[in-house]
Amino acid sequence: MARRTVPTLPPLDWLRSFEAAARLSNFTAAAAELGLTQAAVSQHIRLLEERLKTRLFSRLARGVALSPEGAAYLPHIQSAFATIGSSTAELFEPRAVRTVSVRVPISFALLALVPVLPDLAEALPRIQLDVVTIHRPTDYDLPGSVLDIRFGNGSFPGREAERLTAERLVPVASPALAGAADWTSLPLLLVAGAREMWAEWFAAAGLAGHPQRSHRFDSFVAAMEAAKAGAGVLLGSRPLIDAALDSGALVPLSDFELSSMSGHFLTRPSTAQLTGAEQDFRHWLPRRLAGKARA
């Protein structure tokens, strides 16, 4: 069987003339844009057609029109030029700043993302974040960024997810309440949604639950501030509370930690094409948080 001959890549000047002429529907206008003569553009197109053995344009009284083959070829050439331009900017324009938009639950933003921003500035100095804080799950349905940080078990329909944290739950309180003889008699601080897990913690710890009064919050960070103020006992989510434990603002009331399947995940649509900056951030954040957890 005879081998099929693969055409060599046409010279870049020919392709640039073709793209400009196709976009402008005029050889003279293409020549002006490219800084060439009309004769040079016409010659580039003729040579390209001879190389491809295909007519790319129909010559009209005024201007030109793409042939069906030329119309099919054009988007591929434009896509290739766009890729070259984007890659050149990403690699060889060190002063260019790239914005990465990301939607983040407010508790994760304040307790996990903000503390590592100085490290982001050092590791990826060309990236600046546009952070949109999420207060309720329906906020994710609004048009917005490609990248989302979501709390859950890792199953997010239509999205790819990379784990950032693995949650462990432990009761915590302010040092003023930590000396109580029976902490289970203190008010409980509840967090609406997936973290309302006091019943599961008591069952796993082998302790009886209790019906006394409690306060309920719509965000973990608000409940944590209430715990610091001495308002009651919080079922603390590690690693989000680790800084408060390290500083002594909160004190664990039990040695038992309930490991949860839930955690935070960096997600993106399954069909999304990420920019170079988004890819850099996607690779950096999990590694940075993993390093912080080991520190």
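Excluded from the calculations below are hydrogen atoms, water molecules and symmetry mates; all remaining heavy atoms, backbone and side chain alike, are included.
The pair Arg55-Glu49 does not count as a salt bridge, with every side-chain nitrogen at least 4.0 angstrom from each carboxylate oxygen. Using a 4.0 Å cut-off between charged nitrogen and carboxylate oxygen, Lys228 and Glu225 count as a salt-bridge pair. Checked for salt-bridge contact, Glu278 and Arg282 miss the test: no charged N lies under 4.0 Å from a carboxylate O.
Within the 3.5 Å criterion, the main-chain N or O of Gln43 finds no donor-acceptor partner in the side chain of Trp14. Here the side chain of Ser107 pairs a donor or acceptor atom with the backbone of Val221 at under 3.5 angstrom. For the pair Thr83 (side chain) and Ser79 (backbone), a donor-acceptor distance under 3.5 Å is present. Checked by atom type and distance alone, the side chain of Ser270 pairs as donor or acceptor with a backbone atom of Gly158 at under 3.5 Å.
Ring-centre distance between Phe220 and Phe151: not below the 6.0 Å cut-off.
Applying side chain to side chain donor-acceptor pair (under 3.5 Å) to Glu167 and the options Ser237, Ser259, Ser262 leaves one that passes, Ser237. With Thr267 as the partner, the side chain to side chain contact (heavy atoms under 4.5 Å, CB included) test is satisfied by one option alone out of Arg150, Glu162, Glu160: Arg150. For the side chain to side chain contact (heavy atoms under 4.5 Å, CB included) with Ser17, the qualifying choice from Leu48, Leu36, Leu47 is Leu36, the only one to do so.
Note on ring orientation: taking the six-membered ring where Trp is involved, the planes of Phe27 and Phe57 are perpendicular (angle over 60°, cut-offs 30° and 60°).
Put simply, CZ on Phe202 and OG1 on Thr184 are 6.0 Å apart, with the number rounded to the nearest 0.5 Å. The line from CD of Glu19 to NE2 of His76 is 14.0 Å long, rounded to the nearest 0.5 Å.
Crowding of Glu122 atom CD: a count of heavy atoms from other residues, nucleotides or ligands under 6.0 Å not exceeding 12.
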